[in-house]
Amino acid sequence: MNITWLDQLLQTLQALLAGFGVPEASRPVGALMLLYLFVTLAALIFVVCLWRISRRPGAAPGRREAAAPSPSSPAGACADSEMAATAVAGAPLADTVLDRLRAGLGKTRASLVTRLDGLFREHSGFSRELMDELEEILITSDFGMPTTAALIACLQERFSGADPTSAEVYQALKYEVAGRLRQIDAPGTSPEGSLQVIMVVGVNGVGKTTTIGKLASRFVSEGKKVLLGAGDTFRAAAADQLDIWSKRAGADLVRHSEGGDPAAVAYDAIKAAIGRKSDILILDTAGRLHTKANLMEELKKIRRVLGRELAGAPHQTLLVVDATTGQNALAQARLFSEAVAIDGIVLTKLDGTAKGGIVVAISSDLQIPVRYI
């Protein structure tokens, strides 16, 4: 067997060791150890590559489809039992969208879904012990007490006097949750061909300006003419940040000097949007604590200005909340909704928390749909 190449490799390694000052007597053993190390490392890299290939979307059979729940009754009410069998079935999302969601929401899936899977594997049927453990999982996943109690009550009502399998109970839970995630009402719209006005509100630091930039990019990519209003005149460089987003997205921008009147920005922005025949106006607002009454009154003033200049405006008011704040996000949504009519929630940083139940809590308790994550 010709192993000349191996001899040459060992000689090369010995020469390398000589360059590092290794004694001549130790070089043959050292060369063999280096060769063993290189081979082991190459084998490890090969195994890791194979594993990563096997983990790629579509590599394994049985890809799950996205849940597409059927319309449900108002939040808090139980779902129609006749529809339970098809509740979590539906057309699959586009692969890229579904894969990005799975990757981005990995923490939530690893925590909530894995715990639920384990719970329903451990129990063989419907029992008080199962309901107690389920209640604990839902509460610690930020579903909140009202939503958790409603889900447990619906399961108990559905299976009263029955002897279901744990798989059937799990399927019913999925349906009840899916029903609460349905949009309660259709988004507000302006007449066909007229200006659509969207006002974005929320406390400091939740991601309002970044959300506006992403929405603007999305609408521009759909062929819409978009104008942004820099209504956050209090935060340092807020208008500058929105200016960068507007340029990235290809949208127009109306701004005033720092410290100006936000309602004046709203007035100029909607006048400019009408004059330039824009399709969509997105108005940023200053971050404010939901507990400060005077600041909440300012939001009402902005709404009045928009409504005076264009009937029905704002056609949507989106509240941006930070998912990592847990039940405080629910409190924010409740108080903002009382001050200004909220049409939808934008839930940011959901990929940074393992407690994804806040999505269900907001939709269920307040009957406000989560429009974007």
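Keep in mind that the numbers below use all heavy atoms, side chains included, and drop hydrogens, waters and symmetry copies. A quick note: this is a predicted structure, and the numbers were derived from the prediction, not measured.
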| query | Rounded to the nearest 0.5 Å, how far apart are CZ of Arg371 and CD1 of Ile342? | reply | 11.0 Å

| task | Before accepting this row, confirm whether a basic side-chain N of the pair Lys300/Glu297 lies closer than 4.0 Å to the acidic partner's carboxylate O. | result | yes

| message | For Tyr170, give me all partners under ring pair (Phe, Tyr, Trp, His ring centres under 6.0 Å), at least two apart in sequence or on another chain. | response | Phe120

| Does the side chain to side chain contact (heavy atoms under 4.5 Å, CB included) test come out yes or no for Leu366 and Leu330, once each step is laid out? | CA-CA 9 Å; Leu366 303 180; Leu330 184 60; 4.0 Å; yes

| task | Decide whether Leu37 and Leu32 are clustered together by the hydrophobic rule: side chain heavy atoms of Ile, Leu, Val, Met, Phe, Trp, Tyr closer than 4.5 Å, transitively. | result | no

| query | Is Asp142 reaching over with its side chain to a backbone N or O of Gly357, donor-acceptor style, under 3.5 angstrom? | reply | no

| remark: Between Ser127 and His123, the two heavy atoms sitting closest are OG-ND1, 4.1 Å

| message | For the OG1 atom of Thr211 and the OH atom of Tyr372, what is their distance to the nearest 0.5 Å? | response | 10.5 Å

| task | May I have the step-by-step check of side chain to side chain contact (heavy atoms under 4.5 Å, CB included) for Leu195 and Ile270, ending in yes or no? | result | CA-CA 9 Å; Leu195 175 64; Ile270 196 167; 4.2 Å; yes

| said: Side-chain heavy atoms nearer than 4.5 Å, only ILVMFWY residues, links allowed to pass through others: does that put Ile139 and Ile137 together? | reply: no

| task | Indicate yes or no: at least one non-hydrogen side-chain atom of Ser337 is less than 4.5 angstrom from one of Ile368. | result | yes

| Flag side-chain contact, heavy atom, 4.5 Å: Val177 against Phe143 | yes

| For Ile373, which of Leu347, Ile345, Asp351 qualifies under side chain to side chain contact (heavy atoms under 4.5 Å, CB included)? | Leu347

| field | Intermediate values then yes/no, side chain to side chain contact (heavy atoms under 4.5 Å, CB included), Leu310 and Leu281 | value | CA-CA 12 Å; Leu310 180 64; Leu281 165 63; over 6 Å; no

| Linking Ile, Leu, Val, Met, Phe, Trp and Tyr through side-chain heavy atoms less than 4.5 Å apart, which residues share a cluster with Ile45? | Leu41

| Between the side chain of Ser217 and the main-chain N/O of Ala249, is any donor-acceptor distance below 3.5 Å? | no

| Same hydrophobic cluster for Leu227 and Trp245, using side-chain heavy-atom links shorter than 4.5 Å among ILVMFWY? | no

| field | Interatomic distance, Lys247 atom NZ to Leu228 atom CG [nearest 0.5 angstrom] | value | 12.5 Å

| field | pair Leu283-Val197: side-chain heavy atoms closer than 4.5 Å | value | no

| message | Does any part of the side chain of Arg303, heavy atoms only, come nearer than 4.5 Å to the side chain of Val201, both counted from C-beta? | response | no

| query | Counting distance only, does the side-chain N/O of Ser364 pair as donor-acceptor with the main-chain N or O of Ala361 below 3.5 Å? | reply | no

| How about Leu335 and Glu338: do any of their side-chain heavy atoms sit closer than 4.5 Å? | yes

| message | By the definition side chain to side chain donor-acceptor pair (under 3.5 Å), identify the one residue from Asp268, Asp240, Asp284 that meets it with Arg255. | response | Asp240

| message | Do Leu134 and Met131 have side chains that approach each other closer than 4.5 Å (heavy atoms only, starting at C-beta)? | response | yes

| query | Does the distance from a Lys or Arg side-chain N to an Asp or Glu carboxylate O, for Arg218 and Glu222, drop under 4.0 Å? | reply | yes

| query | side chain to side chain contact (heavy atoms under 4.5 Å, CB included) between Thr317 and Phe336: does it pass, once the steps are laid out? | reply | CA-CA 10 Å; Thr317 300; Phe336 269 98; over 6 Å; no

| Between the side chain of Thr165 and the main-chain N/O of Gly125, is any donor-acceptor distance below 3.5 Å? | no

| query | So, the side chain of Lys349 versus the backbone of Gly207: is there a donor-acceptor pair under 3.5 Å, distance only? | reply | no

| Does the side chain of Glu133 reach to within under 4.5 Å of the side chain of Arg115, using non-hydrogen atoms? | no

| Is there side-chain contact between Val346 and Lys208, with heavy atoms separated by less than 4.5 Å? | no

| task | Please confirm whether the backbone N or O of Asp365 pairs with a side-chain atom of Arg334, one donor and one acceptor, at under 3.5 Å? | result | no

| Rounded to the nearest 0.5 Å, how far apart are CG of Leu116 and CG of Leu173? | 6.5 Å

| note | For Tyr267, the other hydrophobic cluster members (4.5 Å side-chain criterion, sorted by chain and number) are Val305

| task | Check the hydrophobic clustering (I, L, V, M, F, W, Y; side-chain heavy atoms under 4.5 Å; chains of links allowed) and say if Met145 and Ile152 are grouped together. | result | no

